[in-house]
Amino acid sequence: MKVGILGSGDVAKALAGGFIKHGHQVVLGTRDTGKLKDFIAQHKGAQAAGFADAAKFGEVVVLAVKGTAALDVLKAAGATNLADKPVIDATNPIAAAPPTNGVLKFFTSLDQSLMERLQSAYPNAHFVKAYNSVGNARMINPEYKGGKPTMFICGNDDNAKAKVREINDQFGWETADMGKAEAARAIEPLCMLWCILGFTKNEWTHAFKLLHKD
Ligand SMILES: NC(=O)c1ccc[n+]([C@@H]2O[C@H](COP(=O)([O-])OP(=O)(O)OC[C@H]3O[C@@H](n4cnc5c(N)ncnc54)[C@H](OP(=O)(O)O)[C@@H]3O)[C@@H](O)[C@H]2O)c1
């Protein structure tokens, strides 16, 4: 599979490493390809490009940029390069303000998530929320004594979600499909919950698991 990853940060690199590990081809998109020089040198199967070329390359696109820049990055990527493709949205709407007692501040409200904003701005792209509420160091094939952790996903397009489910299977996650785009109002704040242990107890290695009664 050809994957276009919009981003050059820790999440973009962790997911790029995962896709390469599982035999996919990756182009990472950034404003400054120089930032990725070392990563590209160390990862056969990865290339760096501008946002538009990365999005154009991908049969699947991953959005892994700062939440405040998400709309600008999608604009640079170009609507036609995103149309009809699954866009895995790993972003969080973290505001430019310090956490209070370990609780992050968001620039969105509980009545509209960042992913819904992105979906309305780019109606032909198939956004799927995923990989937003786990640390980048545990995104790919994490091992826990309690079994596979849960990746909460949501999005309006069932085919796009089926593709993300396949990727989750490869990356060692069990998928919990929480429904349409509105469910991102609940999935994005899982990042706040996840980060509290980090900020208050310096624990950054946990993951969520949904337990069902048999
Ligand atoms: N860090 C984690 O473990 C983690 C885990 C789950 C989810 N997330 C979420 O995943 C996303 C990426 O996180 P990250 O820690 O990898 O990196 P980050 O520092 O949040 O974002 C870096 C990326 O944002 C882009 N960016 C920043 N400002 C920009 C602007 N003004 N215009 C265009 N692009 C801009 C950068 O583009 P350039 O490449 O052009 O510089 C870079 O690719 C965030 O939304 C974060 O909340 C993070």
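All values reported here derive from a predicted model rather than from experimental measurement. Atoms within a ligand are numbered from 1 in the order they appear, just like the ligands themselves.
- Distances from ligand 1 to the non-hydrogen atoms of D72 include no value under 4.0 Å.
- Comparing T68, I94, D89, V73 by heavy-atom distance to atom 33 (C) of ligand 1, the nearest is V73.
- Looking at ligand 1, you'll find an N or O of T30 within less than 3.5 Å of one of its N or O atoms.
- Distance NE2/H24 to CG/L15: 11.5 Å, rounded to 0.5 Å.
- By the 3.5 Å distance cut-off applied to N or O atoms, S8 is counted among the residues near ligand 1.
- Atom 47 (O) of ligand 1 has N92 CB, 3.4 Å as its closest protein atom, hydrogens excluded (heavy atom only).
- Going from atom CD of Q25 over to atom CD of E59 covers 8.5 Å, rounded to the nearest 0.5 Å.
- Protein heavy atoms all stay at least 4.0 Å away from atom 19 (O) of ligand 1.
- Checked options L28, D72, V73, N81; the residue passing with F51 is V73 (criterion: side chain to side chain contact (heavy atoms under 4.5 Å, CB included)).
- Aromatic rings of W194 and F199 (six-membered ring for Trp) have centroids beyond the 6.0 Å cut-off, not under it.
- Among protein heavy atoms, atom 41 (O) of ligand 1 sits closest to K35 NZ, 2.2 Å.
- Which of K66, E188, K75, R138 comes nearest to atom 21 (O) of ligand 1 through a heavy atom is settled by distance: it is K66.
- Heavy atoms of K13 come nearer than 4.0 angstrom to ligand 1 in no pair at all.
- Here the protein heavy atom with the shortest distance to atom 37 (O) of ligand 1 is R31 NH2, 3.7 Å.
- Within the model, atoms CD of Q47 and CZ of F39 stand 12.5 Å from one another, a figure rounded to the nearest 0.5 Å.
- Close approach to G67 involves these atoms of ligand 1, each under 4.0 Å from a residue heavy atom: 45 (O).
- Applying the 4.0 Å criterion to heavy atoms of Y131 picks out, from ligand 1, the atoms 6 (C), 7 (C).
- For ligand 1 and M139, the ligand atoms under 4.0 Å from any heavy atom of the residue are 5 (C), 6 (C).
- Residue contacts with ligand 1: V134 is included, with a non-hydrogen atom under 4.0 Å away.
- The structure places CG of D111 at 9.0 Å from CD of E116, a figure rounded to the nearest 0.5 Å.
- Each of the atoms 43 (O) of ligand 1 lies under 4.0 Å from some heavy atom of G7.
- Results of the side chain to side chain contact (heavy atoms under 4.5 Å, CB included) test with N132 over T91, I187, V11, L114 single out I187 as the only residue that passes.
- Here the shortest heavy-atom distance to atom 44 (C) of ligand 1, taken over T33, V11, V65, L63, belongs to V65.
- Under the 3.5 Å distance criterion, with hydrogens and angles disregarded, no donor-acceptor pair is assigned to the side chains of T30 and D32.
- Contact annotation for A90 and ligand 1: only backbone heavy atoms (N, CA, C, O) come within less than 4.0 Å of the ligand.
- Atom 1 (N) of ligand 1 has as its closest protein heavy atom N136 ND2, 3.6 Å.
- Using a 4.0 Å cut-off to heavy atoms of D10, the atoms of ligand 1 that qualify are 16 (O).
- Taking CD1 of I94 as the reference point, atom SG of C191 lies at 4.0 Å (rounded to 0.5 Å).
- Using a 4.0 Å cut-off to heavy atoms of G135, the atoms of ligand 1 that qualify are 3 (O).
- With no hydrogens or angles considered, no side-chain donor-acceptor pair links D169 and H22 at under 3.5 Å.
- When each atom of ligand 1 is checked for a heavy atom of N132 under 4.0 Å away, the hits are 6 (C), 7 (C).
- Partner D177 forms a side chain to side chain contact (heavy atoms under 4.5 Å, CB included) with one of I153, V128, V164 and no other, that one being I153.
- Scanning all protein heavy atoms for the shortest distance to atom 17 (O) of ligand 1 gives G9 CA, 4.2 Å.
- In this structure, K75 places its NZ atom where only 12 or fewer heavy-atom neighbours from other residues, nucleotides or ligands lie under 6.0 Å away.
- Although no hydrogens or angles enter the test, the distance criterion places no donor-acceptor pair under 3.5 Å between the side chain of R185 and the main chain of S113.
- Between K13 and L36 there is a side-chain heavy-atom pair separated by less than 4.5 Å.
- Looking only at protein heavy atoms, the nearest one to atom 29 (C) of ligand 1 is A69 CB, 3.3 Å.
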